[in-house]
Amino acid sequence: VCTYNALISGFWRSGSIGKAFKIISFMRKNGCEPDVVTYNIILNHYCDTGMVKDAEDLMKKMEMSGVNPDRYSYNQMLKGLCKAHQLDKAFAFVADHMEVGGFCDIVSCNILIDAFCKARKVNSALKLFKEMGYKGIQPDAVTYGTLINGLYSVGYHNLAEEIFEQMLKAQIVPNVNLYNIMLHNLCKAGHFKRALEIFSQMIQKEVSPDIITFNTLIYWLGKSSRAIEALGLFRDMRARGIEPDSLTFRYLISGLLEEGKASLAYEVWEYMMENGIILD
RNA sequence: CUUUUAUUGAGC
């Protein structure tokens, strides 16, 4: 079953949905029934592509065929409902299916906090953030990242920074995503000095920047007439063994061109061509 | 590393 599931997941990721279904009928023929993981793979696809109705049907089907949904199933379904902007339905789902079985965990809370933030209901997000502590669910780096991003996006910059500091005090280890969120929002607000401080902090804490980190910084520096600094980061990233992608080049080149630094832009362009990267 | 959550345009 594991092998089949791995195949199904792989085909699905690469978009060969037909092949994935063929494997399912093949495994059935060979007397191997799909298990909860098989269902979860398909459920996840439905939820990610907004096919919530199909996801709901699939959940019913799995219950009927005696396969009990697990916390992955429920959380995926919850995410699907939230993404479809069916928040009320999502709450009903939590109350009816998840709380009774003890399926509410840190992932469920994170999904809900994100949904609140995206619906610009930051106060509800903060409320849940506080309540989860009482329920014995400790916020993790994802929780903080989600919440901080939500706070910035509605303009609560000070609160976002406070919560970031609170997280550091609570000994939660920030990861690269969390730093990316901080950097993106600080740059967007024009707080480059602070952003670069945070960037140094992440290096000090030995959190390795990734391509998103660099692309974020290069984008915003280039947009703010600081293309030379962006170019410096472009060198740093290669020194760290991170290969620039087409976004990196697009950001860097437009930043340089905006400042009239055409010959530097051209050099970057040549480097890009040498590496076989095409702007899309 | 068989399956679930936040981050790399902008505004609204």
Side-chain angles (χ1 to χ4, degrees), chain A residues 1-13 20 23 27 34-48 55 58 62 67 69-83 90 98 103-118 120 125 129 132 137 139-155 160 167 174-188 198 202 207 209-223 230 233 237 242 244-252 254-255:
Chain A
V1 193
C2 283
T3 316
Y4 286 124
N5 285 341
L7 278 170
I8 293 166
S9 173
F11 279 126
W12 217 308
R13 270 180 223 284
I23 292 179
M27 63 192 278
D35 67 358
V36 63
V37 174
T38 319
Y39 280 105
N40 284 347
I41 294 167
I42 303 170
L43 203 55
N44 184 36
H45 170 261
Y46 285 153
C47 291
D48 270 348
L58 186 65
M62 62 194 284
V67 179
D70 61 4
R71 55 182 68 241
Y72 284 75
S73 327
Y74 286 117
N75 282 333
Q76 284 172 141
M77 194 66 228
L78 181 61
K79 178 191 65 172
L81 290 169
C82 289
K83 287 230 160 114
M98 300 183 69
F103 287 113
C104 287
D105 59 7
I106 179 75
V107 174
S108 327
C109 290
N110 291 344
I111 292 171
L112 285 171
I113 289 178
D114 188 45
F116 280 131
C117 289
K118 299 243 150 81
R120 316 203 110 219
F129 176 69
M132 60 192 277
I137 302 175
D140 63 5
V142 176
T143 319
Y144 278 100
T146 308
L147 186 62
I148 288 172
N149 199 41
L151 292 170
Y152 273 117
S153 64
V154 294
M167 179 198 68
N175 58 22
V176 61
N177 259 345
L178 182 51
Y179 277 111
N180 288 344
I181 289 168
M182 290 300 293
L183 294 175
H184 174 248
N185 286 294
L186 288 168
C187 287
K188 188 170 163 183
I198 296 286
M202 83 183 277
V207 177
D210 63 9
I211 182 127
I212 297 185
T213 319
F214 282 106
N215 284 351
T216 303
L217 290 172
I218 288 172
Y219 172 78
W220 289 103
L221 288 170
K223 219 172 149 49
L233 285 168
M237 74 189 282
I242 299 172
D245 64 7
S246 64
L247 283 181
T248 320
F249 288 107
R250 189 205 296 172
Y251 299 155
L252 183 58
S254 25

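Order of the sequence lines sets the chain letters (A, B, ...), proteins ahead of strands, with each chain counted from 1.
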Q: Could you work out which one of B:A10, B:U5, B:U7 sits closest to the side chain of A:K188?
A: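 Nucleotide nearest to A:K188's side chain: B:A10.
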Q: Let me know the distance between NZ of A:K83 and P of B:U4, rounded to the nearest Å.
A: 12 Å
Q: Any donor and acceptor pair, going by atom type alone, linking the side chain of A:N44 with main-chain N or O of A:N40 inside 3.5 Å?
A: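 Side chain of A:N44 to backbone of A:N40, a donor-acceptor pair under 3.5 Å: no, none is there.
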Q: Which part of the nucleic acid, if any, lies within reach of A:D35 when heavy atoms closer than 4.0 Å are counted: base, sugar-phosphate only, or nothing?
A: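 Result for A:D35 = nothing.
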Q: Among B:G11, B:U4, B:A6, which nucleotide has an atom closest to any side-chain atom of A:K79?
A: B:U4
Q: Nearest to the side chain of A:I41, which nucleotide is it out of B:U2, B:U8, B:A6?
A: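 Looking only at side-chain atoms, A:I41 lies closest to B:U2.
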Q: Between A:S9 and A:N5, is there a donor-acceptor pair closer than 3.5 Å when you use the side chain of the first and the backbone of the second?
A: no
Q: Of all the choices, B:U5, B:U7, B:U3, which nucleotide is nearest to the side chain of A:R13 once you look at every atom?
A: B:U3
Q: Looking at A:C109 and A:I137, what are the two nearest heavy atoms and their distance?
A: SG-CD1, 4.0 Å
Q: Can you find an N or O donor on one side and an acceptor on the other, under 3.5 Å apart, linking the side chain of A:D140 with the base of B:A6?
A: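 No.
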Q: Could you give the distance separating B:U7 and B:G11 at their P atoms, to the nearest angstrom?
A: 16 Å
Q: Among B:A6, B:U2, B:A10, which is the nearest nucleotide to the side chain of A:H184?
A: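 Nearest listed nucleotide: B:A10.
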Q: Which one, B:A10, B:U2, B:U4, comes nearest to the side chain of A:W220?
A: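 Of B:A10, B:U2, B:U4, B:A10 is nearest to the side chain of A:W220.
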Q: Which whole-number value in Å describes the distance from A:I106 CD1 to B:A6 P?
A: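 Rounded to whole Å, this separation is 13 Å.
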Q: Mapping A:I211 and A:R120 onto RNA chain B by nearest heavy atom, which one lands closer to the 5' end?
A: A:I211
Q: Between A:P34 and A:M27, what is the shortest heavy-atom contact and its length?
A: CA-CE, 3.9 Å
Q: Is it true that a side-chain atom of A:N110 and a backbone atom of A:I106 form a donor plus acceptor pair closer than 3.5 Å?
A: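 Checking the backbone N and O of A:I106 against the side chain of A:N110, a donor-acceptor pair under 3.5 Å is found.
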Q: Measure the distance from CZ on A:F103 to C1' on B:U4 and round it to the nearest whole Å.
A: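 Answer to the nearest Å: 13 Å.
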Q: Heavy atoms from C-beta onward define the side chain here; which of B:U2, B:U8, B:U7 lies closest to that of A:K118?
A: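 Nearest listed nucleotide: B:U7.
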Q: Starting the side chain at C-beta, find the nucleotide from B:U2, B:U4, B:U7 nearest to A:I111.
A: B:U4
Q: Would you kindly give the CG-to-P distance between A:L247 and B:A10, to the nearest whole Å?
A: 13 Å
Q: Starting the side chain at C-beta, find the nucleotide from B:U5, B:A6, B:U2 nearest to A:N177.
A: B:A6
Q: Rounding to the closest angstrom, what is the interatomic distance between B:A6 and B:C1 at atom P?
A: 16 Å
Q: Of all the nucleotides listed (B:U4, B:U7, B:U2), which has the minimum atom distance to the side chain of A:N180?
A: B:U7
